[in-house]
Each structure stands twice: as C-alpha cells, then as structure tokens.
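Just the heavy atoms: all of them, side chains too, but no hydrogens, waters or symmetry mates, feed the values below. Quick caveat: nothing in here was measured; it's all calculated off a predicted structure. So that the names make sense, note that chain A is the first sequence line, chain B the second, and so on, each numbered from 1.
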Number of protein chains: 2
Amino acid sequence: MNYSQIFCEYLKKHDLKNTTERLTVLQVVLAMDKHFDVESLIDRLKSQQKKISRATVYRTMELLVDCGLVTKHRFGENGRVYEPKSERDNHDHFLCVSCGKIIEFYDPEIEGIHQRLCERFGVEILDYSHQLYGKCNKCSG
Amino acid sequence: MNYSQIFCEYLKKHDLKNTTERLTVLQVVLAMDKHFDVESLIDRLKSQQKKISRATVYRTMELLVDCGLVTKHRFGENGRVYEPKSERDNHDHFLCVSCGKIIEFYDPEIEGIHQRLCERFGVEILDYSHQLYGKCNKCSG
DNA sequence: ACAACCATTGAGAATGAGTCTCAATGTCAG
DNA sequence: CTGACATTGAGACTCATTCTCAATGGTTGT
Ligand SMILES: [Mn+2]
Ligand SMILES: [Mn+2]
Ligand SMILES: [Zn+2]
Ligand SMILES: [Zn+2]
C-alpha cells in the first residue's frame with residue numbers, strides 16, 4: 001500500500017474529503033529533500049505551477065503528520081521541519097551548529113531509556129524528540 | 001561561589017557591564033518555579049515593582065544561558081521555558097500531554113548514546129535536547 | 001571626584017511563523 | 001444531479017521574540 005493510498009484511507013476513515021490540493025501536497029512532499037520546511041515546500045509548489053495556499057499547505061501537513069506519513073521536528077531555534085516517514089525508520093538527529101550538516105542515527109538504547117521510564121513512573125509515551133547539537137568532524141577542532 | 005558571583009565574573013570576562021537590571025533579573029529568576037516562561041518572569045518582576053523592560057529581560061536570559069546558570073527548553077509547540085541550572089543536575093523531561101505535568105528524570109544511558117555517536121561519526125557534542133510526550137500515570141488509560 | 005566613552009536600557013515598532021476568517025468553491029452520498 | 005456541508009484562499013491576525021535609537025548609566029583613566 002503506497003503513501004497516496006494510505007492517505008486516502010486515512011481521509012475516508014476520518015470523514016475528510018479527498019481533494020486535489022491534499023493529494024498534490026503529498027506528491028510534492030514525497031519529492032522534497034529529506035528535511036524541509038514549509039517555505040521550501042511552498043516554493044516547490046509554486047515552481048511547479050500548483051497554486052495551493054499557505055493555509056492549505058499547513059493544514060495538510062498537519063494531516064500527514066497525524067496519519068503517520070510525515071514526521072515533524074523542531075531543530076534549534078528554527079521553525080518546523082518535516083520529513084517523510086518510512087516504516088521502521090526511526091532515528092534521531094545530530095545537527096552541526098557550524099555548517100548545518102544533519103546526521104541521522106539510531107541507537108537502540110534510546111528505547112531502553114524510554115522503557116525504564118515507563119516502568120519507573122507508570123507513564124505512557126506517545127512521542128519524543130531527541131536532538132544533539134555540536135560540531136561535525138569537518139567543523140570541529 | 002554563588003550565582004551572582006558567577007554572573008558578575010562572566011560579565012567582567014566578556015566586557016559586559018554589571019547593571020542593576022541584570023542582577024535583578026538573576027535574583028528573580030532564582031526565585032521562580034522550576035520551569036518558567038518569560039511572561040511569568042516579567043509578571044513576577046512587575047509584581048515586585050521592578051521595572052525592567054521586556055527587551056532587557058530577554059537579553060539577560062540570553063546571557064544567563066550563555067554563562068551556564070540557566071538552561072533553556074522548548075516543550076512542544078510552546079515558547080521557551082527556562083530553569084535555573086544547578087551543578088550536576090542534568091536531566092531530561094517527560095511532559096504529560098493531558099494535564100501538563102512534567103517529570104524530570106536522568107538515565108545514564110543517554111550519555112552512552114552520545115558517547116557512541118561521537119566515536120562513530122567523530123563529532124563533538126555541545127548540547128542536546130531530549131523530551132518525551134505522553135500520558136502520566138493519572139491521565140493514561 | 002570627574003570626564004568621556006561607549007555599553008545598556010526602554011518604549012514601542014517591526015518581524016515572522018503559524019493560525020484564523022469567511023465568502024466562494026468543491027466533494028460526494030443519496 | 002443535487003443538497004449538505006467540508007474545503008479552500010487571500011489576507012487579516014496573533015503573539016513570541018527581536019530590533020531601533022535616543023536617553024541613561026557604568027567604567028576607566030586622570
Ligand atoms: Mn531525519
Ligand atoms: Mn527541568
Ligand atoms: Zn559541520
Ligand atoms: Zn497527566
């Protein structure tokens with residue numbers, strides 16, 4: 001089942017309408033670079049003569065996040081950054097404060113930490129954010 | 001060496017002036033609740049008849065973070081939240097999305113994760129942010 | 001103590017990401 | 001095909017944070 005199908009099912013399940021704007025946004029999102037902000041997405045839409053308002057783009061990103069096709073981040077002081085989510089691609093981010101490079105990594109111990117937290121406090125974790133900031137190998141020293 | 005002394009030394013070292021506004025903000029910050037936002041801090045200052053402009057409060061918080069006396073967070077979609085930092089009090093946060101409760105916790109494995117990242121990619125970590133969102137024991141189920 | 005230099009302050013304007021409004025338009029179940 | 005109602009878009013709006021710049025004040029050398 002591909003992204004469009006998943007999105008359409010999600011829309012149907014929630015009694016939301018299957019509009020061309022929503023589908024177009026999804027198509028263009030999938031063709032974006034790994035981490036992108038809403039401005040770049042809007043620029044891309046414009047450059048492809050798709051006229052979709054800023055409001056609709058924001059509204060649609062909300063839906064894409066909610067249905068699990070896209071994840072939303074906040075890196076540093078900047079605004080939101082999105083990235084399409086693929087199955088079993090769970091990772092955290094290192095951001096170089098000098099050159100802006102982003103390194104994605106996965107360390108299974110993060111789940112151990114979360115597991116222990118749940119047991120210790122009886123909480124239920126729905127989401128998390130974990131970012132590291134520093135100098136990449138090219139920028140340090 | 002107490003907070004004020006540290007701050008004064010920091011100011012001197014950076015050729016910044018030791019103003020009453022800066023010292024006052026530090027005093028009031030230290031008397032705030034654990035996690036506070038700038039609005040509450042400004043309210044507190046007002047209620048104590050200390051007239052310090054919003055701009056100066058923001059500017060001073062910047063300095064306090066830079067000199068290591070205060071840490072700055074972003075919880076969810078909200079604005080900045082600050083908290084005074086005490087030596088060897090390194091912790092992460094769990095935030096209940098239902099009731100707003102904040103649980104602070106420390107799991108030493110977070111350092112293992114960071115250590116392994118440094119070794120694997122040759123990066124230098126200067127800072128990080130790690131927050132979990134979910135339901136606390138009173139709100140889940 | 002004083003002068004002179006220049007950093008700091010404050011009031012309010014500016015910024016900017018994101019949200020909201022509401023009339024016009026589009027979707028889709030029946 | 002139609003009616004009911006969800007969605008869209010242009011631009012107004014919000015609100016946290018930053019900026020501006022004239023007035024004020026801290027610091028250093030004398
Ligand atoms: Mn990523
Ligand atoms: Mn804390
Ligand atoms: Zn770098
Ligand atoms: Zn709760």
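- For B:A55, whose side chain is taken as the heavy atoms from C-beta onward, the closest listed nucleotide among D:dC19, D:dT7, C:dC20 is D:dC19.
- B:R54 comes within contact range of at least one nucleobase, with a heavy-atom separation under 4.0 Å.
- Ion pairing between a basic and an acidic side chain is recognised when a charged N comes within 4.0 Å of a carboxylate O; A:K34 and A:E104 show such pairing.
- The distance from atom CZ of B:F75 to atom C1' of D:dA16 is 17 Å, rounded to the nearest whole Å.
- Ion pairing of A:R54 with A:E39 is present here, as a side-chain N (NZ or NE/NH1/NH2) and a carboxylate O approach within less than 4.0 Å.
- Atom P of nucleotide D:dA6 and atom CG of A:D15 are separated by 9 Å, given to the nearest angstrom.
- Across the protein-nucleic acid pair, A:K17 atom NZ and D:dG3 atom P stand 15 Å apart, rounded to whole Å.
- Within 3.5 Å, a donor on the side chain of B:R59 pairs with an acceptor on the base of C:dG10, or the reverse.
- Remark: P of C:dT25 and CG of A:N18 are 21 Å apart, rounded to the nearest angstrom.
- Distance from the side chain of B:I52 is smallest for C:dG10 among the nucleotides C:dG10, D:dT7, D:dG11.
- Neither OP1 nor OP2 of D:dT8 sits under 4.0 Å from any side-chain N or O of A:S53.
- The phosphate of C:dA17 has neither OP1 nor OP2 within less than 4.0 Å of any side-chain N or O from A:R80.
- Contact annotation: A:R22 side-chain N/O to D:dT7 OP1/OP2 distance is under 4.0 Å.
- Residue A:T20 places no side-chain N or O under 4.0 Å from the OP1 or OP2 atom of C:dG26.
- Look at A:Y58 and you'll find a side-chain N or O under 4.0 angstrom from OP1 or OP2 of C:dG18.
- Put simply, NE2 on B:H14 is 21 Å from P on D:dG26, counting in whole angstrom units.
- With no hydrogens or angles considered, a side-chain donor-acceptor pair links A:S40 and A:D37 at under 3.5 Å.
- Aromatic ring orientation, A:Y10 versus A:H14: tilted (interplanar angle from 30° to 60°).
- Between A:F75 and A:H73, the ring-plane angle classifies as parallel under the 30° and 60° cut-offs.
- Between B:N78 atom CG and D:dT14 atom C1' the separation is 15 Å, expressed in whole Å.
- Comparing A:R74 and B:K51 by the nucleotide of DNA chain C whose heavy atom lies nearest to each, the residue mapping closer to the 5' end is B:K51.
- Along DNA chain D, the nucleotide nearest A:E77 and the nucleotide nearest B:T19 are compared for position; the residue whose nucleotide lies closer to the 5' end is A:E77.
- Between B:I42 atom CD1 and C:dT9 atom P the separation is 14 Å, expressed in whole Å.
- Comparing D:dG25, D:dG9, C:dG10 by their nearest atom to the side chain of B:T56 picks out C:dG10.
- Rounded to an integer number of Å, the gap from CG of B:D43 to P of D:dA16 is 11 Å.
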